Amino acid sequence: SSGINAEYGAVDKALPGVVTLKMHRQWGTGFIIDEKGFIITNEHVVSDGQKKVEVVLNSGNHLLGEVIALDKLTDLALIKVDKAEPLPTVNMGSDKFLRAGQMVAAIGNNFGFHNTVTMGVISCTSRRLSYDIETLGVAKRSKVFRTPYIQTDATINSGNSGGPLINMDGEAIGVNTLSVENGGIAFSIPISEVKRFLVDYSRRPNPKEKKKPNAQYSLGVQVVSLTPEMVTHLHYARRLSLDVYGGIFVYRTVPGSPAALSGLRHADVIYKVNDFLVQDRQSLEEALSGGDEVKLKLYRPGKGTITLDITPVAS
């Protein structure tokens with residue numbers, strides 16, 4: 001009976017912070033993460049270009065929300081509503097110590113039925129979807145499956161996307177995202193990915209604010225100057241063949257940084273920023289000094305020349 005009471009308590013704790021999202025042609029779910037009105041959902045829920053979304057609170061009140069951030073790579077979106085009094089929230093937990101067999105609950109609007117709760121267990125704590133997901137009967141949309149998912153047998157149907165997957169403490173440990181038709185298999189984005197998404201949003205420059213004249217801007221990368229000697233070393237010591245002999249070698253991208261979100265990778269070689277040739281960290285910093293969006297010309301092993309658009313952040 002204690003387990004049943006825990007389930008009831010978890011749902012009672014989270015449910016007030018779960019909201020219904022109404023778009024032109026579909027329903028969706030979201031959950032409030034901050035009492036000031038910040039709401040997390042899936043990018044694909046609001047991907048039809050809408051900037052305004054009708055938000056229905058658990059209390060039944062209707063508010064107008066604004067989509068303020070989108071990330072197609074992680075399939076996450078952030079919505080903001082304005083309300084005078086504090087709103088109920090769903091606390092964000094941790095996915096660090098999840099275990100297969102752990103009880104979870106999915107909350108959402110299954111086929112438009114509001115506040116539907118389904119129970120299940122975690123089937124796998126870190127499932128990578130590296131194949132054509134459409135072969136499993138998942139919604140026919142093209143997504144980039146960048147991060148491992150939490151796999152669960154809790155039922156997730158149309159309208160559930162964007163809702164929380166909660167633990168028995170009533171904390172969100174994931175965002176319900178995908179399900180397999182007639183398969184009893186569903187996938188949620190880990191809450192750690194949500195936290196990285198929010199950190200990245202908080203670091204984005206406010207277009208209404210004037211740029212600081214003495215600010216330094218960065219992409220969020222660790223780089224080293226590429227020399228002919230280094231190219232030779234990489235070829236023989238690490239079996240990495242580079243067809244260039246100058247530029248900046250990307251050693252690491254910082255998670256959640258502009259570099260990581262734009263698709264910059266380890267072993268990319270940046271050789272031009274807009275029309276400026278770059279050979280070292282100093283020349284890269286000088287090319288980014290304006291703080292505006294730039295075009296990176298880079299060489300990627302096995303792919304050749306690639307161009308990426310990226311906006312640096314003040315560091």
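These figures come from a predicted structure and were not determined experimentally.
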Tell me, do [X] and [Y] make a side-chain contact under 4.5 Å, heavy atoms counted?
| X | Y | value |
| --- | --- | --- |
| Leu288 | Leu219 | yes |
| Leu298 | Thr305 | no |
| Leu198 | Ile40 | yes |
| Val18 | Asn58 | no |
| Asp71 | Leu78 | no |
| Phe31 | Val175 | yes |

For the residue pair [X] and [Y], confirm or rule out a side-chain donor-acceptor distance under 3.5 Å.
| X | Y | result |
| --- | --- | --- |
| Lys295 | Thr307 | no |
| Thr253 | His266 | no |
| Asp153 | Ser123 | no |

Query raised in the report: To which residues is Ile173 joined in a hydrophobic cluster, defined by side-chain heavy-atom contacts under 4.5 Å among Ile, Leu, Val, Met, Phe, Trp and Tyr, whether direct or through other members?
Result: Leu98, Val104, Ile122, Ile150, Leu165
Query - Residues clustering with Val56 (ILVMFWY side chains joined when closer than 4.5 Å, directly or via others) - result: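 Reading the cluster by chain and number, Val56 sits alone, since nothing else belongs.
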Looking only at atom types and distance, does a side-chain atom of [X] sit under 3.5 Å from a main-chain N or O of [Y], one as donor and one as acceptor?
| X | Y | value |
| --- | --- | --- |
| Asn109 | Gly28 | yes |
| Asn274 | Phe276 | no |
| Asn42 | Val45 | no |
| Glu285 | Gln282 | no |
| Thr41 | Gly30 | no |
| Thr29 | Thr20 | no |
| Asn176 | Ser161 | no |
| Asp75 | His44 | yes |
| Lys13 | Asp169 | yes |

Query raised in the report: Rounded to the nearest 0.5 Å, how far does CG of Asn167 lie from CD1 of Ile191?
Result: 10.0 Å
Query raised in the report: To the nearest 0.5 Å, what is the distance between CD1 (Ile248) and CD1 (Ile270)?
Result: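 The distance works out to 5.5 Å.
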Report task. For side-chain contact (heavy atoms from CB on, under 4.5 Å), just list the numbers for Asn157 and Thr118, CA-CA rounded to whole Å, side-chain angles, deciding distance to a tenth of an Å, and then say yes or no. Result -> CA-CA 10 Å; Asn157 292 312; Thr118 57; over 6 Å; no
Report task. Please say which of Leu57, Leu87, Leu64, Ile32 ends up in a side chain to side chain contact (heavy atoms under 4.5 Å, CB included) with Val81. Result ->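 Per the side chain to side chain contact (heavy atoms under 4.5 Å, CB included) rule, the option paired with Val81 is Leu87, out of Leu57, Leu87, Leu64, Ile32.
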Query raised in the report: Which pairs count as side chain to side chain donor-acceptor pair (under 3.5 Å) when at least one residue sits in residues 76-92, sequence neighbours excluded?
Result: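 Side chain to side chain donor-acceptor pair (under 3.5 Å) check on residues 76-92 returns Lys80-Asp82, Lys83-Glu85.
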Query raised in the report: Do Val11 and Ile156 share a hydrophobic cluster (ILVMFWY, side-chain heavy atoms under 4.5 Å, transitive)?
Result: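 Different clusters: Val11 never reaches Ile156 through Ile, Leu, Val, Met, Phe, Trp or Tyr contacts under 4.5 Å.
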Requested in this report: Please step through side-chain contact (heavy atoms from CB on, under 4.5 Å) for the pair Met92 and Val194, ending with a clear verdict.
Outcome: CA-CA 9 Å; Met92 290 190 290; Val194 175; 4.0 Å; yes
